[in-house]
K.L.:
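Below is the structure I would like to discuss, written out as structure tokens.
Treat the numbers as computed from the prediction; the structure is a model and nothing was measured.
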Amino acid sequence: MCRHHHDAKTKGHWDVEMTDDGICTWISRTGRRYTTYPDSDSGRTEKNPPEPR
């Protein structure tokens, strides 16, 4: 994780579940879930899934 995301997790603002292939599910204090992918520089989430290849 980059420093920004590591700090968000470490300081208790978010919980994160990461798969072996680098897909992260971020869970807010209110229980909202966001999924990010390792090839995403723009913060793509489940609400904006990757285009089919």
K.L.:
Closest approach of G22 and P38, non-hydrogen atoms and distance?
P.N.:
O-CD, 3.6 Å

K.L.:
Using the test side-chain contact (heavy atoms from CB on, under 4.5 Å), find all partners of D21 that sit at least two apart in sequence or belong to another chain.
P.N.:
T19, I23

K.L.:
From Y34 OH over to T25 OG1, what is the distance, rounded to the nearest 0.5 angstrom?
P.N.:
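One finds 12.5 Å between OH of Y34 and OG1 of T25.
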
